[in-house]
Structures are given as C-alpha cells and as structure tokens.
Amino acid sequence: MTKPGSHTPHPAQSASRRNFFKFLAASPLAALAYGAVPARWLDPVAAEVPPPTPPPLPCINCGAPVLPPALSGTSPYRAIAPQELPPQQAQEEQLTGSSVTSPGDAINVWDFERVAHDNLLAQHWDYLHMGVDDYETRVANREGFQRLMLRPRRLPSQPTTGFDTSIEILGQRFDSPLFLCPVAALQAYHTQGEAGAGRAARRRGVLQVQSHVSSNSYAEIAEARGEPHWFQIYTTPDWNRNQRLIDRVASQGCPTLVWTIDLLGGSNRELNRRSLTGEGSAAAICQSCHNHQPGYQRPMNRGMEGPSGERPPYTWDYVRRLKDASDMNLVLKGIVTAEEAELAVEHGADAIYVSNHGGRAVNSLWSTIDALPEVVAAVRGRVPVMIDSGVRRGTDVYKALALGADAVGIGRPYVWGLGGFGEDGVERVIDIIMAEFRMVMRQTLTTSIDQINSRFVMEAKNPIMTRHNQWGFGL
Amino acid sequence: MSVLNTATVFTASPTGLARMLTAGVVGLALSQGGTAAAQQATVDFTVSGNSTIRGWTCTVPGTAQVTTGQSTPVRGLEGGVQTVTLTVRVEDFVCPDDEMREHLLTAMRPEEFPEITFNLRDYAASSQGASTTGTLTILDATKEVNFPLSLTPSGSGVRIEGEVALDMTDYGVEPPVVMLGLMRVRPRIRIQFSGVIEP
C-alpha cells in the first residue's frame, strides 16, 4: 500500500520533458514564448500534438481570429500552423447552434433551435421555450439524459445482419421509435402547422400525436398525413363536451386518445406572463393576430356547443369513464411515479406516457428519464410505456429505450424545425435524430429495438452540461 | 462544365392578362446543338420563407419545357438537354390565406411584371444530375444564380428537382410589412421545384 509521502509518482510529477513540451505545444498562450525555445526541442513533438484550439482572443471586427505573433504564418512548427487551427466560429456554433439557411445545412437539432429563435415572434418563441418557475425541471430533463452513460460493444461474436428500427405500439407499426409529441398551435411557428408536421412524420414513418389546442383540425391533419393519427385531449369539467369531442375524433378514425393529466394542478408559467404582460392572449399583440380575433376558437373546440352534462371529479374512476367513452385506446400522459403507473394500468389505461410536459407543468426537478425505470417496473410489461421531455439526441432515444420505453417523443426540436423551414425542417430533425440513433445502435452492436436493454447504459454521478446557456439555449 | 449558349424560352403572358406571372424559365442550350425534341411537364413550385411572426410557405404549379438533343448527357436524359424552360404563373400562387396571397401579389406587382424568368447558361453533369448556372429575372432585375438540378428516372419519364435560395431585395421586391410593422416578411426565401418530364 502506498503511504503518503512515498515515492509513488504523481501522474503530473512523472511528466517527462517530452510531455511537458507536448503540453507547451498545445498551449496557445505558452506559444507566445516559442520564439525563445530552441527549435530542436519542439520538432519531435510537433508532429504528435493535435492542432490547439485558439483561445477566445479579442478579434477585430469579429472576423478571422487574431493570433499571437508566434502563431503567424511564418511559424516553423507544423502543429501550430494557423491554417490548421479550427475556425473559432465553428466552436462557438457547436455550442450555441448555427443559424442555418437550409434544413440540409443543419448538423444537429440545436441549429434549428437557433433558427427558430432568430426567426420567430418573440412571444411565440417565449411560449415554446418556457419552463415553469426557474426552469429547473427543463434542466433536469437534459441532465437526466446526460447522467446516463452508454456501455458500447466493440466486436460481435457473429457477423451482424439486418437493421431494423421499427416498433409496434397499440396495434400500429412505425418505422421509428420516435414520435411527435402534442404541441399546441403549430401555426404560430409556420403556416403549415400540424399538417406540415404530419406530412413530414408520415414520410419518415413516425407516429404523430395531435394537440387538443392545435391550429389544424383532426380531419385536416389526417388528410395531410394520409392516415389517422393519435389525439391528445385536455378534458373540461363538462362531460358532455368531452364526449362530443371524443365522438368527433373517433368518427374520423382516430385509433388512440391521449389524456394529459399533468396540468390538472396548474402550472407557474412566468415567462409567458412576462411575455404577454399578464394579459395572456388578450394582449394587443395577440389581438392583432388572426388567431385571437373575437370569437376565434381553435379547430378542435369549434362546434362543441351543446347541452351541458355531469361534472364528474377527476379521480381514477375518470380513467375508466374515458376508456368506456369510445373504442379508442386510452393513453395517460403525465405519469412519473410507480404508484400512479400501477393505478393507471388497473383502471384501464392502454399505455403509460411518462412526461412532465417538457418541464412546463410541475417544477418537480424530476426528469422523465429518472422516472422511467420505476414506471417500467410497476407496469411490468402489461402495457407499452412512452416517454418525452428533454429528448434532443439519438443517444437520448437509445437511453430511453434501454430503460424500458417503447416509444420516445420529441416536442420542441421538431417545432424548431417547423418554425425554420416548415415540413422540410421537421423531416430533417427526424432524420438527424434517427441518424444519431442508428449510430448508437451500431456502436452497441444492436440491430433491432428489442435488443436494446439496460445493460447498454449505466448511471454517472454527475451530469455533464456543456452547452452554452446564457439565453437558455441547449435545453 | 459545358459552356452553353443562352437560349431564353420565355412564355410571357400578354400584358392584358394582368396578374399572370411566369415565375421561372430555365433556358438551356448547347453550343453544339443536335436534333431537338421538346417535352413539357407540370412542375410544382414551393416558395418558403420567414417573417417576424412565423415561417410561411406558398405553392404554385408551373410547367417545364425541355428540349432534348445532342449534348452532355445528364442522368435521366442521356441524350442531353438543349433547353429547359420552367414557367409559372404567379397568379396561380396558393398561400395559406387570402390576405397573405394579396400581400404577395402586391409585392410582385404582376400588372407590371407578370413573369419571373430563369435562364440557364451553364451546367455540369454529375451522377446526381447537374450543377446549373443562369440568370433569374424577377420584376425588372436580372441576377445570376447557381444551384444543383436533380434529374432522376421516374417511371417512363424523368423527375426534375431543384432548390435555390435568394434574397428578394436583390431583385427589388419589397418584403411585405403588415400590422403596422409588427409582421415583416424576411427577405431570404427558398424556391423548390419538382416535376416529372414525360417523353
């Protein structure tokens, strides 16, 4: 056993002169002193040292980075030649997103976040971006995924054959485990609205869940998509009104009803209140928009007038009531605990949807990926488990599947794509995330969704939040 | 890169047919032309952009007139291409709502400039199609643009697809400003087109 003060070398102390000069060569600031260093000392290491990232030195007119004199083009050392330095702008854009002008130029979903931020009406952006309280749950959603690490595999025992990312859920087959979450009023971001998103989702074989407060009607979206999709409902106290809506979507072929229960207790949406100066959609800026002209109703609320009915309380019996109201499957959205997962299955839910509404319901700091394992354990395979909130990468999709999810939803990312480029942006967002996902499948030697399990992930102690956050980007 | 003679094939609408706008003409001619055969197809155009409120997309049907002949082969048109003319009537634009379409027509001034034309000067064939260069005329401004043109076999014909991004102010088009300046259309737009040329 090594005792304090022993001769066991500390790694740093064991650094050779060679390593020291490798460090020196990699340090742009130290490079200022290169002129005083004999060339023969640096020649052997120059070839081994990767091109250093230049520090954020003050730049004139923010053009090409201003380099220290020793890093000028006359430097004899190949490893630090200016033409090999990575462009400063690329590093910045990697952390904050790039305002791309074509969906094909986007490298990851953060590029679409940047585009949406640059283009959208501030109030629309704020509505999409907001979390509750101080955004802790939004942050937790990202940190939850980043706290999970992958356990890749390198070589298979047998050559791998085939590659299948398709899933089957509630009797429907899709090409991808990804799905589009219900997001309100998509025409606030692009004139194509949910119909545009639906066309993109259909082309990519992705499930789409329509929001109750959508800009397009169920029929419009189904026509654009070319097949029925799922519908998310916010119930009202008047049961008859709910029944009329349920009858309407069921008659139009909707196979599955998704009941959102995570907003029944309300939510503290401060950014929304600031953005609309406390007036909500009665603010002048909204009144100027056709969506809020007097008498305007969102499509799924039109024609719902009729005699009032009972006002049953929201209890677990309500699940059974909803289930019995139609032949549609019933999904409960917003479950994040084992106790309620068990109750949901007992009361007839056909699937459990683990969600904290993208961090815009309860400021619980309880990420959905953290909640997923206990929900999956409680469900015990009796019904499918879906998840959303904080999914931004193909690795996130993989991690959720590894912990037992059957389908993984994205919300803000596809709306960023829609806002920037309409349905082409949505399609590109799906493509990017699925390309990332397929790469993780290859890295873990998994060739179908059912091969992905918890042995491919492990929990790290601390989250690794690296993205630039000054404006709340990267969540 | 093949160096081509410009041969504008322009299906200008009579001025009397106001509010008719030809939105794209591509002329492609070889310096050494061969036997020509004209083909025509319907092409769908999509024009997309952003505003200070949200993104937007309008669509318009158009036509492609292709004259094939002896020239540098491109995928799907092994005999080469002498001219390609894409023509769109802006009057046929379909926008998400009437108000938006009205703003578009106001900006495009179809009574004065019923057509937009694109004349292709050069193209370089590749395995994916062709990289094209030519001039685009909107209102009374003509600018050179470059964009890839994809030609792929489709059934008994050839699918022609392309996309070009431009700044409408370069052509003197004033981006619409409405709602007392609350909503301003951003000048950068994307034009995509796709259609099948049948023999």
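Quantities reported herein were computed from a predicted structural model and do not represent experimental measurements. Sequence lines set the chain letters: A, B, ... in the order given, protein chains first and strands last, and positions in each chain run from 1.
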Where [X] and [Y] come nearest, the two heavy atoms and their spacing:
X	Y	value
B:T57	A:H190	OG1-CE1, 2.9 Å
B:I53	A:H124	O-ND1, 3.4 Å
A:G420	B:N50	O-ND2, 3.0 Å
B:R54	A:Q187	NH1-O, 2.7 Å

*Please look at B:S51 and chain A and tell me whether the side chain, the backbone, both or neither of the residue comes under 4.5 angstrom of a heavy atom of that chain.*
backbone

*According to the side-chain hydrogen bond (donor to acceptor under 3.5 Å, both in side chains) rule, which pairs have a member within residues 178-189 of chain B, sequence neighbours left out?*
A:N119-B:R186

*asked:* Other residues, nucleotides and ligands only: do more than 12 of their heavy atoms fall within 6.0 Å of CG on B:N146?
replied: yes

_Could you check whether atom CG of A:L263 has more than 12 heavy atoms from other residues, nucleotides or ligands sitting under 6.0 Å from it?_
yes

*Pairs of heavy atoms under 4.5 Å with chain B: top-ranked of A:L418, A:V115, A:D424, A:T101*: A:D424

*Specify which of A:G422, A:A122, A:G419 makes the most heavy-atom pairs with chain B at under 4.5 Å.*
A:G419

*For A:C254, all residues meeting disulfide (SG to SG under 2.5 Å), sequence neighbours excluded*: none

*Neighbours of chain B found in residues 192-205 of chain A - heavy atoms under 4.5 Å*: A:Q192

*Do any of residues 219-226 of chain A come closer than 4.5 Å to chain B, heavy atom to heavy atom, and if so which ones, in number order?*
none

*Under a 4.5 Å cut-off applied to non-hydrogen side-chain atoms, are B:S48 and A:E423 in contact?*
no

_side chain to side chain contact (heavy atoms under 4.5 Å, CB included) evaluation trace for A:L121 with B:T52_ = CA-CA 5 Å; A:L121 180 71; B:T52 50; 5.6 Å; no

